[in-house]
Amino acid sequence: MQAKKVAVVGGGLGGLTAAALLARGGCEVTLYERSKHLGGRARTTEVDGFRFNLGPHALYRGGAAMRVLERLGVKPPGNIPSPAGAHALREGRLHTLPRGAVTLMTTDVLSLAGKLEVAKLLAGLARIDTGPLGRMSMREWLETRLTRKDSQALLGALVRVSSYCADFEALSAEAGLKQLQCATAANVLYVDGGWSTLVDAVERLGREAGVRLELSSRVEAVVLQAGGARVEGVRLADGTVHDADAVVLAGSPADVAALVPGDAVLAMEAREAVPIQAATLELGLSALPRPDALFALGLDRPHYVSVHSASAKLAPEGGAMVHVAKYLGGADTEASEAELEAVLDALQPGWRAKVVARRFRPSLTVSAGLPRAVNGGLAGRPAVEVPHVGGLYRVGDWVGAEGMLADASLASAEAVEQALVQRIATPQRRAAGA
Ligand SMILES: Cc1cc2nc3c(=O)[nH]c(=O)nc-3n(C[C@H](O)[C@H](O)[C@H](O)COP(=O)(O)OP(=O)(O)OC[C@H]3O[C@@H](n4cnc5c(N)ncnc54)[C@H](O)[C@@H]3O)c2cc1C
């Protein structure tokens, strides 16, 4: 049987993974990426020997991305963050971050009643059934499950660092808690060389499987059959049309809507999507002023600092690669560079004298659409298969019922593989059995 021709639009980690999986499954795949580079938000840039991811990136070891990468044969190199040197930040000062029984008892960020409440909750965290919590907001869950403000602040900070989301009114408690369960059960990995290590590995596997990669190729529209019920191919910005049996759109909800102009359903999904955003400051330091202070998590403000190079190869010998971030969302949607600098002052006083390279981003899109409580949580996100246009699929961190962030991108890539490769395989199996 002739392989199905598939056009993948978008060469981020999600689109690349979909392309590699489909090519391995026997499809004839062409991937179009509008920029000169592959990787999208998973790109890493080298500045003076420091490997800067686009903001702090951690791979959930128990998440879908790890599972799909391993299926492809990619073994991400790196390490889990060091448990030593972790602090809580409150009113600009460092405190012990509760990470286990001993630190929970010794920290001063919780009262005795708060300690008992948090200890009980964390002991039963893995057993919380998140299924019925799709329509409950993260805020409501925190306020009903925990009676004390100090324990709510700590749990809120742990949900933020696991989900990158600070908009607890919008976020579904099901999704927020699943992220926390995933992060506490299996931890995360800081990847050696940055996330471009993953991008390069998937690109290589895709090429080996026959994926054609077209860079600097912006797709302008999906070409539909007369009546609009099925895809026919894609039209590029240079005017050329390329036919395809299936089209996989691996950009944001706005990118998807723009490629199918006049589609009211896709336009509404784009309007309704609530992105997760963050401000980030990346720093390459010649040395760490305080080598023992590696991590800080804000309890009263949505702040984060982590020395990623303490666990992964991201800096030249002796140097340090540090990420500072503020989770934006809810009532707090802005951050200045000075605000992030002040966060690092608390963890690494004297860092300014050690700066070799730096980069500030006031607002990055971490995820193109968070799982909203009003839509029923993860199950309420747009499906991989566009139901009213045959042959049209989408992949991204706002798609499908599994995971958040890159886990959602790669889980949706795998779901597209299942839909398309199964559909090729089914007639073959029938023919073999006939
Ligand atoms: C600051 C920050 C921190 C993050 N931290 C984490 C983390 O710790 N853990 C985690 O799991 N995830 C994290 N993420 C999220 C993760 O980076 C993304 O979920 C993932 O990279 C998304 O991949 P994607 O391929 O779905 O989308 P993207 O990377 O956005 O790729 C989409 C691609 O489509 C291309 N494109 C769009 N439209 C067209 C068109 N018309 N024609 C051609 N090409 C087109 C774009 O140029 C782009 O390259 C973080 C993101 C940020 C910004």
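On a predicted model such as this, the values are computed, not experimentally measured, just so you know. By convention here, the first residue in the shown sequence is residue 1. Start at 1 and go down the list; that is how both ligands and their atoms are numbered. Heavy-atom basis, side chains included; hydrogens, waters and symmetry copies ignored.
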Nearest protein heavy atom with distance in Å, relative to atom 18 (C) of ligand 1: Asp397 OD2, 3.5 Å
Which word best sums up how the rings of Tyr32 and His242 line up, parallel for under 30°, tilted for 30 to 60°, or perpendicular for over 60°? tilted
Report the part of Ala408 (side chain from C-beta onward, or backbone N, CA, C, O) that has a heavy atom under 4.0 Å from ligand 1; answer both or neither where that applies. neither
In terms of residue, atom name and distance, what is the protein heavy atom nearest to atom 40 (C) of ligand 1? Val9 CG1, 3.6 Å
Of the backbone atoms (N, CA, C, O) and the side-chain heavy atoms from C-beta on, which set of Ser217 has a member under 4.0 Å from an atom of ligand 1: side chain, backbone, both, or neither? backbone
Non-neighbouring partners of Tyr60 that pass ring pair (Phe, Tyr, Trp, His ring centres under 6.0 Å), sequence neighbours left out: none
Would you say Ala58 contacts ligand 1, with heavy atoms under 4.0 Å as the rule? yes
Residue and atom name of the nearest protein heavy atom (relative to atom 49 (O) of ligand 1), distance in Å to one decimal: Glu33 OE1, 2.7 Å
Backbone N/O of His323 and side chain of Ser306: donor-acceptor pair under 3.5 Å: no
For atom 27 (O) of ligand 1, the closest protein heavy atom turns out to be Arg41 NH2, 3.3 Å
Ligand 1 to Thr365, heavy atom cutoff 4.0 Å, flagged ligand atoms 53 (C)
Does an N or O from Gly55, backbone or side chain, lie closer than 3.5 Å to an N or O of ligand 1? no
Consider ligand 1: state whether an atom of it lies below 4.0 angstrom from any non-hydrogen atom of Pro56. yes
Numbered atoms and elements of ligand 1 in range of Leu13, under 4.0 angstrom, heavy atoms: 25 (O)
What are the atoms of ligand 1, with element, lying closer than 4.0 Å to any heavy atom of Ala42? 21 (O)
Looking at non-hydrogen atoms alone, which of Gln179, Glu282, Arg34 comes nearest to atom 44 (N) of ligand 1? Arg34
Ligand 1 versus Leu364, non-hydrogen atoms closer than 4.0 Å: side chain, backbone, both, neither? side chain
Minimum non-hydrogen distance to atom 8 (O) of ligand 1, winning option of Tyr32, Tyr164, Tyr60: Tyr164
Is ligand 1 under 4.0 Å from a heavy atom in the side chain of Leu54, in the backbone, in both, or in neither? backbone
Atom 32 (C) of ligand 1 [closest protein heavy-atom partner, distance rounded to 0.1 Å]: Ala250 O, 3.2 Å
What do you reckon, does Leu59 have a nitrogen or oxygen under 3.5 Å from a nitrogen or oxygen of ligand 1? no
Any salt bridge between Asp407 and Lys178, counting N to O under 4.0 Å? no
Shortest reach to atom 25 (O) of ligand 1 by a heavy atom, considering only Gly396, Gly251, Gly14, Ala406: Gly14
Decide, yes or no, whether a salt bridge links Arg352 with Asp345 under the criterion of side-chain N to carboxylate O below 4.0 Å. yes
Given 3.5 Å as the limit, does a donor-acceptor pair link the side chain of Arg145 with the main chain of Gln152, or not? no
Measure across Leu171 and Ser163 and return the closest heavy-atom pair with its distance rounded to 0.1 Å. CD2-OG, 4.2 Å
Protein contact of atom 42 (N) of ligand 1 - nearest heavy atom, named by residue and atom, plus distance: Val219 N, 3.0 Å
Taking C-beta and beyond as the side chain, do Val109 and Pro98 meet within less than 4.5 Å on heavy atoms? yes
Just distances here: any N/O of Leu259 and N/O of ligand 1 closer than 3.5 Å? no
Looking at Glu337, I'd like to know if its CD atom is crowded, meaning that more than 12 non-hydrogen atoms belonging to other residues, nucleotides or ligands lie closer than 6.0 Å. yes
Would you tell me which option among Leu16, Leu405, Leu38 has the nearest heavy-atom contact to atom 10 (C) of ligand 1? Leu405
Do any nitrogen or oxygen atoms of Trp195 lie less than 3.5 angstrom from nitrogen or oxygen atoms of ligand 1? no
Does any N/O atom on Thr280 come nearer than 3.5 Å to any N/O atom on ligand 1? no
Number the atoms of ligand 1 from 1 as they appear, then name those within less than 4.0 Å of a heavy atom of Gly40, with their elements. 29 (O), 49 (O)
Protein contact to atom 15 (C) of ligand 1 [nearest heavy atom, distance to 0.1 Å]: Val366 O, 3.2 Å
Ranked by distance from atom 17 (O) of ligand 1, the top protein heavy atom is His57 NE2, 2.8 Å
